[in-house]
Amino acid sequence: MAIGDIGDLVARSAIELAALPFTPFADSVIRLGVTGLSRAGKTVFITGLVANLLDRGRMPQLRAAAEGRIEAVWLQPQPDDTIPRFDIEGHLTQMTGDTPEWPESTRAISELRLSFRVRPTGLLSGMRGTQNVHLDIVDYPGEWLLDLGLLDKTYAQWAEDTLSRMARRPQGAEFLATARAEDGSLKHDEARAQALAAKFTAYLHAARTAGWSDCTPGRFLLPGELAGSPVLTFAPLPEPASAGRGSLWHEMARRYDAYRAKVVKPFFHDHFARIDRQVVLVDVLGAVHTGPQALEDLRRTMADILTAFRPGQNGLLSRLVLGRRVEKILFAATKADHLHHSQHPQLTAITEALVREARDRAAFSGAEVSAMSLAGFRATVEDRLERDGQILDVVRGRLMGSGKQAAMYPGELPTDPARLLSPARQGAERWLDADFALMSFAPARSSLKPGEGPPHIRLDRAAEFLIGDRL
């Protein structure tokens, strides 16, 4: 770590330490980061979670709610005035209206504050009345999280890793041929640099659409106000034997360094480094459906993701010396409503196996890590059908696009995750003894009773793990 980075860390830690409540009667604040890889359903998860924390009739596994200790929950203005507010009202209206539909995917950072008035428990419960607990939910694209790994890589290291990864992906063939034919030692030409960046960006979009998980740099996919700027006009190239100051290779390296310094570092300093608890949403079913190589790519990505966190306990000394740490991390397989509940244990076991390496690292550092399968907004109902004399457990829902009702049996997930992970690690191109199908379901039309949030799967268990100890 550079001297300047250490100075920044100490300064931020001192500010955080000064802001800490030193009295047991002060309000408590939890910053919960929510992110996920492509198509994981972050917006749906947050909308379902907030709606069910406001109306807790479907939250029996949240202990404070089950014990009746939560007296009130309400939305408040968020503390960060420069971050857009998460549009909870708009998203909920989309998902519960007369013609319900899914909201658009997360494309930038947003925030929402949810406040609880709770009757405390424990030794201090007789000494004080109700306590206010503020939950700041920070929603950010998963692509930004993966970018944090670039802070520890030089341009040469990143370019070599990226080109090697492309060689294993059909979508990378065209750019790989172009990059290998390029001579990075030649004089920089801006038109050529822009053409290379455009072709590299097209590859990233194609790779993400095909189901690959690691598609960095993330801002190439979600450029926002940076579209067309030099900081997004670079691409990986093979390292030449020599590259002078005005060469294409040197300019690509300079722009990569600018991306790390002016895009990745500010996100880390301003937002990510302030998170206490973290949810990482994962489309495990989508990876299984795509095939073994996509599942192995997801496993490697999950291991890399934890390097972006600083897991551990948030004691006063650790905050001063090491900065704020992430105390709890939940890896959640979404779209559990695409499976009959009889297969949820298999989905959870596969998720646990995928994050085993990440889980072990975090546990060693003192953080709590959990994996589960859930659905932020349940779009299906369960049913049983007979086919060829066999009874199948299926789910039934309204199809995207046509709106017609359909039943789906996605295939039988194995009880032993190694049945999937072993061929994935060995580079198999397809599953030998099974096929896994998926349909895209639209939100179900629902009629909610007073005090009930939208139907979900295990949001109450997720909330208990993430914030139950502070309620």
Side-chain angles (χ1 to χ4, degrees), residues 29-36 39-59 62 64-65 70-118 132-142 144 222 271 274-281 330 332 334-335 337 374-379 442-460 462-464 466-467 470-471:
V29 178
I30 311 167
R31 286 185 68 84
L32 172 65
V34 180
T35 193
R39 300 180 299 277
K42 295 182 296 298
T43 303
V44 172
F45 171 84
I46 295 174
T47 303
L49 178 64
V50 172
N52 278 282
L53 288 173
L54 289 168
D55 293 299
R56 297 170 296 285
R58 300 182 191 266
M59 302 289 276
L62 180 61
I70 301 178
E71 295 187 348
V73 182
W74 67 101
L75 292 167
Q76 283 209 90
Q78 64 199 56
D80 299 311
D81 293 331
T82 59
I83 301 177
R85 182 180 182 272
F86 182 85
D87 185 14
I88 177 65
E89 296 85 0
H91 297 323
L92 190 58
T93 298
Q94 278 185 281
M95 289 160 43
T96 59
D98 293 336
T99 55
E101 57 185 20
W102 299 120
E104 291 187 8
S105 300
T106 299
R107 303 191 64 82
I109 194 167
S110 63
E111 187 177 10
L112 191 72
R113 168 164 280 197
L114 196 63
S115 294
F116 299 75
R117 181 175 296 121
V118 187
N132 290 335
V133 178
H134 307 294
L135 177 64
D136 294 335
I137 300 175
V138 183
D139 173 31
Y140 64 94
W144 296 12
L222 300 170
H271 306 296
R274 300 165 55 203
I275 288 171
D276 301 306
R277 314 281 169 95
Q278 177 67 51
V279 181
V280 180
L281 303 174
L330 174 64
T334 55
K335 304 178 184 177
D337 57 335
L374 52 78
F377 191 100
R378 186 165 194 159
R445 296 184 179 93
S446 57
S447 179
L448 304 181
K449 298 178 182 177
E452 281 189 348
H456 64 84
I457 298 176
R458 297 187 190 89
L459 281 183
D460 50 348
E464 176 62 25
L466 291 165
I467 63 173
R470 301 282 288 275
L471 295 179

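Along the sequence shown, residues are numbered consecutively beginning with 1.
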*Spell out, as yes or no, whether a donor-acceptor pair under 3.5 Å connects the side chain of S110 to the backbone of P84.*
no

*Is E452 reaching over with its side chain to a backbone N or O of G57, donor-acceptor style, under 3.5 angstrom?*
no

_Could you check whether any side-chain N or O of D276 sits under 3.5 Å from a backbone N or O of R31, counting only pairs where one atom can act as donor and the other as acceptor?_
yes

*So which heavy atom on D87 is nearest to which on G90, and how close?*
OD1-N, 3.0 Å

_Please identify which of these residues, D136, L466, L135, L471, meets the side chain to side chain contact (heavy atoms under 4.5 Å, CB included) condition with I30._
L135

*Given side chains that start at C-beta, do those of P455 and L448 come closer than 4.5 Å, heavy atoms only?*
yes

*NE2 of H91 to CZ of F377: how many Å apart, nearest 0.5 Å?*
13.5 Å

*Might you point out which heavy atoms bring A379 and P443 nearest each other, and give the distance in Å?*
CB-CA, 4.3 Å

*Check whether any side-chain heavy atom of T334 sits under 4.5 Å from a side-chain heavy atom of F45, and report yes or no.*
no

*Atom pair CG/CG of L92 and L54 - distance to nearest 0.5 Å*: 9.0 Å

*Between L374 and A332, which heavy-atom pair has the shortest distance, and what is it?*
CD2-CB, 3.7 Å

Let me have the donor-acceptor pairs involving side chains of residues 71-79, under 3.5 Å, with sequence neighbours excluded, atom names and distances please.
from	atom 1	to	atom 2	distance (Å)
Q76	NE2	S115	OG	2.6
Q78	NE2	D80	O	3.1
Q78	NE2	I83	O	2.6

*So, do L62 and I70 sit near enough that their side-chain heavy atoms are less than 4.5 Å apart?*
yes

*Provide the closest heavy-atom pair for L459 versus G376 in the form atom of the first, atom of the second, distance.*
CD1-O, 3.5 Å

*Taking the side chain as C-beta and beyond, is there a heavy-atom pair between W102 and V44 under 4.5 Å?*
yes

*Keeping the roles fixed (side chain from D337, backbone from H456), state whether a donor-acceptor pair exists under 3.5 Å.*
no

*Provide the closest heavy-atom pair for A463 versus L53 in the form atom of the first, atom of the second, distance.*
CB-CD2, 4.5 Å

_Tell me every residue that passes salt bridge (charged side-chain N to carboxylate O under 4.0 Å, His left out) with R378, counting only those two or more places apart in sequence or in another chain._
E382

*Side chains of D139 and I109 in contact at under 4.5 Å (non-hydrogen atoms)*: no

*Backbone N/O of H134 and side chain of R470: donor-acceptor pair under 3.5 Å*: no

_Gap separating the CG atom of L49 from the CG atom of L32, nearest 0.5 angstrom_ = 7.5 Å

*Once you round to the nearest 0.5 Å, how far does CE of M95 lie from CD of E101?*
11.0 Å

*May I ask you to test the V50-F86 pair for a side-chain heavy-atom distance under 4.5 Å?*
no

*Spatial distance of atom CD (E89) from atom OG1 (T47) [nearest 0.5 Å]*: 10.0 Å

*Working to the nearest 0.5 Å, report the span between CG of D460 and CG of N52.*
8.5 Å

*Can you list the residues that meet the side-chain hydrogen bond (donor to acceptor under 3.5 Å, both in side chains) rule with T43, with sequence neighbours excluded?*
T106

